[in-house]
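Report on the following structure.
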Amino acid sequence: MGIYLNPNNKDFGMALNSEIYVDKSMLIKLTNKVICTEQRFVSVSRPRRFGKSMAANMLTAYYSRGCDSREMFFGLKINNDKDKESFEKYLNKYNVIHINIVDFLSEAKDIDEMISFIQEDISDELFDEFSGITFPRRKTLVKILETVFSKTGVPFVFIIDEWDCIFRERKEDFDSQKIYLDFLRNLLKDKSYVALAYMTGILPIKKYGKHSAINMFTEISMTNAGDYAEFTGFTEKEVEALCKQYHMSFDEARRWYDGYNLRGISIYNPRSVVMSMTSHTFDNYWTSTETYEALKIYIQTDDMKETVNKLIAGEEVAIDTTTFLNDMVTFNSMDDVLTLLIHLGYLTYNFDTKKVSIPNYEITEQFVSTVRIMGWSEMSDSIMRSNELLKATIACDEEQVAEFIEQAHTENVSILKYNDENSLSYVISLAYYSSRKTYTLHREVPAGKGFADIVFVPRNGVTTPAMIIELKYNQSAETAIEQAKNRNYADFFKDYKGDILLVGINYSKDDPDKKHTCRIEKIKK
């Protein structure tokens with residue numbers, strides 16, 4: 001038993017002993033399926049605080065010959081799985097090498113020294129563990145591993161945590177990045193001593209030209225998690241169970257931390273959920289792991305402004321993720337920037353529609369705070385005025401509402417796209433930003449005999465009226481109200497006991513002053 005070779009199971013034990021432990025042990029079933037196969041190389045990338053290290057520690061505890069973890073896994077899902085034979089077959093049966101690249105990078109002055117440290121430390125532990133073996137005179141790490149495997153017949157499981165830290169901390173040092181990838185390729189690729197190589201990080205594997213130095217890995221990422229989706233974070237059922245245990249509102253947990261769409265599975269940010277449960281407070285816990293500067297760096301260009309505007313308003317944006325080169329400096333298009341933000345956890349990607357959006361209220365607040373710091377005054381002003389707009393709407397102050405909407409429309413949409421049919425819709429969503437604390441917004445939803453433009457559903461415990469906003473151009477606000485009434489949009493709230501506001505908004509495309517008008521009618525129940 002060593003630090004890197006066949007370590008003990010204490011790190012995973014700390015996770016099990018924590019106040020909240022969500023059982024992700026069925027991940028082992030997936031890794032067991034690929035062990036000692038051509039698919040034995042797995043690279044898992046996900047944002048910070050999404051449980052990467054916990055998973056790595058669990059796999060170490062399970063496979064390592066340096067400990068006996070049977071009792072530790074007693075009662076966990078993998079031990080109770082119907083395929084019990086697989087669990088027993090691999091439990092503590094392999095030589096495990098578990099390293100965290102951050103530890104070596106922080107000690108080294110350059111990439112060559114870092115690789116030397118890795119080779120020396122692992123080699124020293126191999127010599128100590130297998131002192132009875134005669135090693136070749138050329139004692140490279142690869143030769144040592146090959147010799148141990150040939151003499152013992154026991155292959156190695158490599159668990160490499162934070163494998164991509166070089167690409168994050170030395171973003172522009174491409175020469176060092178290539179040296180590092182070549183090191184991993186020489187260590188792992190086509191080596192019979194490798195039973196499993198499981199790497200964790202934030203970024204997918206770096207692309208260089210047409211090929212990657214370690215292209216044998218199956219990529220599991222925030223753009224395509226495949227069978228690993230449920231192990232990327234907390235699932236809806238897991239969060240619902242925690243909310244019941246801690247007497248917390250599941251609706252609020254969903255609003256704050258849900259929204260990561262991984263092939264149809266809804267995933268929550270694990271750290272934020274744990275923090276909210278243990279503190280009994282729903283709040284923005286993302287700020288303690290990611291700074292405003294981290295987001296600001298990637299959205300500060302002018303061509304990103306309108307896209308960020310749409311995202312904050314709740315819009316989805318179509319992107320092409322295939323051009324991203326999996327680093328943090330090479331951006332050939334806005335799509336590359338948005339793809340990076342997916343991997344960093346600021347956006348979620350819908351694999352089926354090929355669109356991105358902001359996943360939840362916690363991250364939306366991060367965007368809003370960053371925009372304020374960056375000095376994007378038009379967007380910031382609209383968001384700051386949103387509380388006054390909501391008050392004016394509830395008070396049925398038609399003139400004030402029209403004025404606020406007109407101002408937001410003018411400030412946040414370029415003149416070339418001012419008359420685009422979707423522009424006013426997302427401007428309304430942005431202008432009513434503060435309403436998200438008390439309402440759930442739905443756009444283009446089936447209601448009565450048609451589709452309502454925007455519906456505001458009060459959250460549980462909220463006493464303010466429900467709202468339906470219908471948008472028109474080159475007609476009248478009265479026409480919008482009549483459509484909402486004639487098509488029975490209020491039927492959307494047939495089970496709602498409170499009042500409902502019908503809000504009609506119109507603007508004239510051809511009016512040089514771009515005058516907006518508003519009419520509000522209250523339906524009492």
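Numbering starts at 1 and runs along the sequence shown.
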* How would you list all residue pairs meeting ring pair (Phe, Tyr, Trp, His ring centres under 6.0 Å) that involve residues 293-321, not counting sequence neighbours? -> Y298-F331
* 4.5 Å side-chain heavy-atom contact, V44 and K52 -> no
* Roughly how far, to the nearest 0.5 Å, is the NZ atom of K33 from the CG atom of L30? -> 6.0 Å
* In Å and rounded to the nearest 0.5 Å, what is the CD to CG distance from E470 to L502? -> 10.0 Å
* **Expected output: side-chain E362 to main-chain Y285 donor-acceptor under 3.5 Å** => yes
* Asked: Side chain of D335, backbone of D320: donor and acceptor closer than 3.5 Å?
  -> yes
* Asked: Regarding R263 and the six-membered ring of F351, is the cationic atom NZ or CZ under 6.0 Å from the ring centre and inside 45° of its axis?
  -> yes
* **Minimum-distance pair of heavy atoms, taken over all atoms of D327 and L203** => CA-CD1, 4.2 Å
* To do: Please step through side-chain contact (heavy atoms from CB on, under 4.5 Å) for the pair N332 and T323, ending with a clear verdict.
  => CA-CA 8 Å; N332 296 314; T323 60; over 6 Å; no
* More than 12 foreign heavy atoms under 6.0 Å from CD of E169: is that the case here? -> yes
* To do: For the pair D23 (side chain) and K77 (backbone), establish whether a donor and an acceptor sit closer than 3.5 Å, ignoring hydrogens and angles.
  => yes
* **Passing candidate, ring-ring contact (aromatic ring centres under 6.0 Å, His included) with Y260, options Y349, Y268, F50** => F50
* Asked: Less than 4.5 Å apart, any side-chain heavy atom of N326 and any of F167?
  -> no
* For M26, look at atom CE and say whether over 12 heavy atoms of other residues, nucleotides or ligands are found less than 6.0 Å away. => yes
* Give the C-alpha distance, both sets of side-chain angles, the deciding distance and a yes or no for side chain to side chain donor-acceptor pair (under 3.5 Å) between Y180 and D164. => CA-CA 10 Å; Y180 173 61; D164 65 329; over 6 Å; no
* To do: Answer whether the closest heavy-atom distance between the side chains of Y198 and V157 falls below 4.5 Å.
  => no
* How long is the gap from NZ on K354 to CD1 on I319, to the nearest 0.5 Å? -> 10.0 Å
* **Residue pairs passing the salt bridge (charged side-chain N to carboxylate O under 4.0 Å, His left out) test where at least one lies in residues 238-249, sequence neighbours excluded** => K24-E238
* Quick one: list whatever passes side chain to side chain contact (heavy atoms under 4.5 Å, CB included) with S176, sequence neighbours left out. => I111, D173
* If we only count heavy atoms from C-beta on, is the F493 to I468 side-chain gap below 4.5 Å? -> yes
* Structure fact -> Value for CD1 (I500) from CG (D491), rounded to nearest 0.5 Å, stands at 8.5 Å
* Looking only at atom types and distance, does a side-chain atom of E406 sit under 3.5 Å from a main-chain N or O of H516, one as donor and one as acceptor? -> yes
* Do any N or O atoms from the side chain of D11 and from the backbone of N57 form a donor-acceptor pair under 3.5 angstrom? -> no
* To do: Only counting residues at least two apart or in another chain, list the ones meeting side chain to side chain contact (heavy atoms under 4.5 Å, CB included) with R459.
  => E252, R255, T440, V462
* **Qualifying residue, where the test is side-chain contact (heavy atoms from CB on, under 4.5 Å) with V503 and the options are I428, D453, I469** => I469
* Can any side-chain N or O of S272 pair as donor or acceptor with the backbone N or O of N269 at less than 3.5 Å? -> no
* Worked check of side-chain contact (heavy atoms from CB on, under 4.5 Å) between T278 and I20 -> CA-CA 8 Å; T278 55; I20 292 178; 3.9 Å; yes
* Side chains of T348 and N261, donor plus acceptor under 3.5 Å -> no
* For the residue pair S276 and M248, what are the closest heavy atoms and their distance? -> O-CE, 3.4 Å
* So do the side chains of F324 and I342 get within less than 4.5 Å of each other, counting heavy atoms only? -> no
* Asked: Looking only at heavy atoms, what is the nearest atom pair of V102 and E162, with distance?
  -> CG2-CB, 3.6 Å
* Structure fact -> By ring-ring contact (aromatic ring centres under 6.0 Å, His included), Y62 pairs with (sequence neighbours left out) F73, F87
* Structure fact -> Distance col, row R443:CZ vs E316:CD, nearest 0.5 angstrom, shows 10.0 Å
* Where do L501 and C396 come nearest, in terms of heavy atoms and distance? -> CD2-SG, 4.0 Å
* Can you check whether S221's main-chain N or O pairs, donor with acceptor, with T223's side chain at less than 3.5 Å? -> no
* How far apart are the C-alpha atoms of E236 and R254, what are their side-chain angles, what is the distance that settles it, and do they pass the side-chain contact (heavy atoms from CB on, under 4.5 Å) test? -> CA-CA 8 Å; E236 191 160 271; R254 178 189 290 148; 3.9 Å; yes
* Quick one: are V329 and F174 in side-chain contact, heavy atoms under 4.5 Å? -> yes
* Rounded to the nearest 0.5 Å, how far does OG1 of T339 lie from CG of L344? -> 11.0 Å
* Asked: Backbone N or O of G504 within a donor-acceptor pair of the E521 side chain at under 3.5 Å?
  -> no
* Does the pair I454 and S429 meet the rule for a side-chain contact (heavy atoms from CB on, under 4.5 Å), with working shown? -> CA-CA 8 Å; I454 308 175; S429 298; 4.3 Å; yes
* Asked: Given side chains that start at C-beta, do those of W286 and E365 come closer than 4.5 Å, heavy atoms only?
  -> no
* Pair listing, ring pair (Phe, Tyr, Trp, His ring centres under 6.0 Å) test, anchored in residues 355-375, at least two apart -> W256-Y361
* **Donor-acceptor contact below 3.5 Å, side chain N350 vs main chain D352** => yes
* **Which atom of I383 lies closest to which atom of I312, heavy atoms considered** => CD1-CG2, 4.3 Å
* **Contact summary for Y496 and P458, nearest pair of heavy atoms** => OH-CG, 3.4 Å
* Are any of the side-chain heavy atoms of D258 and V239 separated by less than 4.5 Å? -> no
* To do: May I ask you to decide if K305's main-chain N or O and N309's side chain share a donor-acceptor pair within less than 3.5 Å?
  => no
